[in-house]
Participant: 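First, the structure itself, so that you have it in front of you.
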Amino acid sequence: MKKSIFMAALLMSLVFILAACGGGNASDPSEESTEGSNGEGSEASADAEGAASGSVTGDGSSTVAPILELINEDFNAEYPDVQVSIGVSGTGGGFEKFIAGETDFQNASREIKEEEVSALEEAGIDFTEFKVANDGLTVAVNTENDFVDYLTFEELQTIYNGEAETWSDVRDEFPDEEITAYAPDQSHGTHDFFKEAVMEDGDITAELNQDTNVISQSVTSDANSIGFFGYNFYMVNQDNLKGVPVQGPDNEEPVEVKEETVMSYEYPLARPLFVYAKNESLENNESFMQFMEFTLNNASSAAEEAGYVALTEDEMQEQKDKLEAFK
């Protein structure tokens, strides 16, 4: 009897010893699944995890934001473990953060300024400019306005330098009604672009607002008002706004803002939209490289969905070639 009990105990001990010896594989199936010849399975798993996690930070233009938001929504669905944060401080505010080294990329509705380039050089930050879409800065009036059929650059200057207080000051045949002019504030690239293109770097005198939606809504609710903003904001509100054809110094006739005239740059206030990327992040942040590849591959469809104008295939290929150089 005692001998039987002893043998049973001995057998039980052997079972526990064998289980302990094989416990590494039994308790951690992931190790078993990554085994392969020369450890290739383990390396592939590590690479996949590295490509599917991380963080990316951007900021900048509210004009470019709708495009990047659509792209990020699709990117997040495909790469849920990569955290992408995109602020909307305006082009100027975004460049301040970019110069301070707080962001991987910067959205801009105008080209970078010389002083911003100098500040980045001083901060030791190298960057690459990527064009992602085309936009037509749109001048709009209230739908009740039945007298403004077009405006010249000179007339826009008169309105936005404060010289014209009434519509009749702009053009004799216009009614003697007080004008209320609205515009994005200085944090926006749209403000800077209009100031350079139309005002010849003169100051803009208007009701300035950081929120572009407020500007479009103000024009919608004010019969004698005028405002300007990106093409997207016009398209979203075109049932409640009247787009104004613009005659620039190089136009013989006024040009309506629409996809064809923006793409051809015949419309005098057509402009490119940009993403500025930090080179160090492209080289060292795999998640950011992945995000930029996804951005360029999807920018055309996102631009059209957001109400902008896509780049031509040749233009987009140029941008992709720039990114390819970092691989």
Participant: Please name the pair of heavy atoms, one in A108 and one in V64, separated by the smallest distance, quoted to 0.1 Å.
Facilitator: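 Shortest heavy-atom separation between A108 and V64 comes out as O-CG2, 3.5 Å.
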Participant: What is the distance from atom CD of E111 to atom CZ of F274, rounded to the nearest 0.5 Å?
Facilitator: 4.5 Å
Participant: Using the ring pair (Phe, Tyr, Trp, His ring centres under 6.0 Å) criterion, which residues pair with Y308? Sequence neighbours excluded.
Facilitator: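 With neighbours one apart ignored, the set is empty.
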Participant: Could you report the tightest heavy-atom contact between A206 and A181, atom names first, then the distance?
Facilitator: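 Scanning both residues, the minimum pair turns out to be CB-O, 3.3 Å.
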Participant: Taking all non-hydrogen atoms of both residues into account, name the closest pair between I86 and V84 and its distance.
Facilitator: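 Taking every non-hydrogen atom into account, CG1-CG1, 3.9 Å.
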Participant: Supply the atom-to-atom distance I159 CD1 to T166 OG1, rounded to the nearest 0.5 angstrom.
Facilitator: 10.5 Å
Participant: Please find the pair of heavy atoms, one from K242 and one from N145, that lie closest to each other, and give the distance.
Facilitator: NZ-O, 2.8 Å
Participant: Mark yes or no for whether N279, through its side chain, and T128, through its backbone, hold a donor-acceptor pair below 3.5 Å.
Facilitator: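 Confirmed, N279 side chain pairs with T128 backbone.
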Participant: Show the atom names and distances, to 0.1 Å, of all donor-acceptor pairs under 3.5 Å that link a side chain in residues 130-143 to residues at least two apart or in another chain.
Facilitator:
unit_1 : atom_1 : unit_2 : atom_2 : d
N134   : OD1    : Y265   : OH     : 2.7
D135   : OD1    : Y231   : N      : 2.8
D135   : OD2    : R271   : NE     : 2.9
D135   : OD2    : R271   : NH2    : 2.8
T138   : OG1    : G136   : O      : 2.9
N142   : OD1    : E144   : N      : 2.8
N142   : ND2    : V219   : O      : 2.9
N142   : ND2    : T220   : O      : 2.8
N142   : ND2    : D222   : O      : 3.3

Participant: For the CD atom of E69 and the CG atom of N76, what is their distance to the nearest 0.5 Å?
Facilitator: 13.0 Å
Participant: Say you draw a straight line from CD1 of I215 to CD of Q210; how long is it, rounded to the nearest 0.5 Å?
Facilitator: 10.0 Å
Participant: With sequence neighbours excluded, tell me which residues meet salt bridge (Lys or Arg N to Asp or Glu O under 4.0 Å) with D59.
Facilitator: K97
Participant: Are the side chain of T103 and the backbone of Q106 linked by a donor-acceptor contact shorter than 3.5 Å?
Facilitator: no
Participant: Nearest 0.5 Å, please: how far is CE in M292 from OG1 in T295?
Facilitator: 5.5 Å
Participant: Can you say whether the rings of F291 and F288 are parallel (under 30°), tilted (30 to 60°) or perpendicular (over 60°)?
Facilitator: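 Judged by the thresholds at 30° and 60°, the geometry between F291 and F288 is parallel.
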Participant: Indicate whether the side chain of H188 and that of S62 have a donor and an acceptor atom separated by less than 3.5 Å.
Facilitator: yes
Participant: Are the side chain of T91 and the backbone of S109 linked by a donor-acceptor contact shorter than 3.5 Å?
Facilitator: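 Yes, because the side chain of T91 sits within donor-acceptor range (under 3.5 Å) of the backbone of S109.
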Participant: I'd like to know if the side chain of N285 and the backbone of S55 have a donor-acceptor N/O pair within less than 3.5 Å.
Facilitator: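 Yes.
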Participant: Take I67 and N107 through the test side-chain contact (heavy atoms from CB on, under 4.5 Å) and record every step on the way to the result.
Facilitator: CA-CA 10 Å; I67 299 172; N107 298 327; over 6 Å; no
Participant: Quick one: do F193 and F95 end up in the same hydrophobic cluster if we chain Ile, Leu, Val, Met, Phe, Trp and Tyr together by side-chain heavy atoms under 4.5 Å apart?
Facilitator: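 They do not share one cluster, since no chain of ILVMFWY contacts under 4.5 Å joins F193 to F95.
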Participant: Which residues pass the side chain to side chain donor-acceptor pair (under 3.5 Å) test with E116, sequence neighbours left out?
Facilitator: R110
Participant: Quick one: CG on L282 to NZ on K327, what's the gap to the nearest 0.5 Å?
Facilitator: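 Rounded to the nearest 0.5 Å, the CG-NZ separation comes out at 11.0 Å.
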Participant: Going by heavy atoms in the side chains, are F75 and N298 under 4.5 Å from each other?
Facilitator: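 Answer no - side chains too far apart.
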Participant: For residues 197-230, which residue pairs qualify under ring-ring contact (aromatic ring centres under 6.0 Å, His included), counting only residues two or more places apart or in two chains?
Facilitator: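 Qualifying pairs, neighbours excluded: Y160-F228, F194-F228.
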Participant: P184 and H191: which non-hydrogen atoms are nearest, and at how many Å?
Facilitator: O-ND1, 2.8 Å
Participant: Please list all pairs passing the salt bridge (charged side-chain N to carboxylate O under 4.0 Å, His left out) test where one or both residues lie in residues 172-187, with sequence neighbours left out.
Facilitator: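 As it turns out, there is no salt bridge (charged side-chain N to carboxylate O under 4.0 Å, His left out) pair with a partner in residues 172-187 once direct neighbours are skipped.
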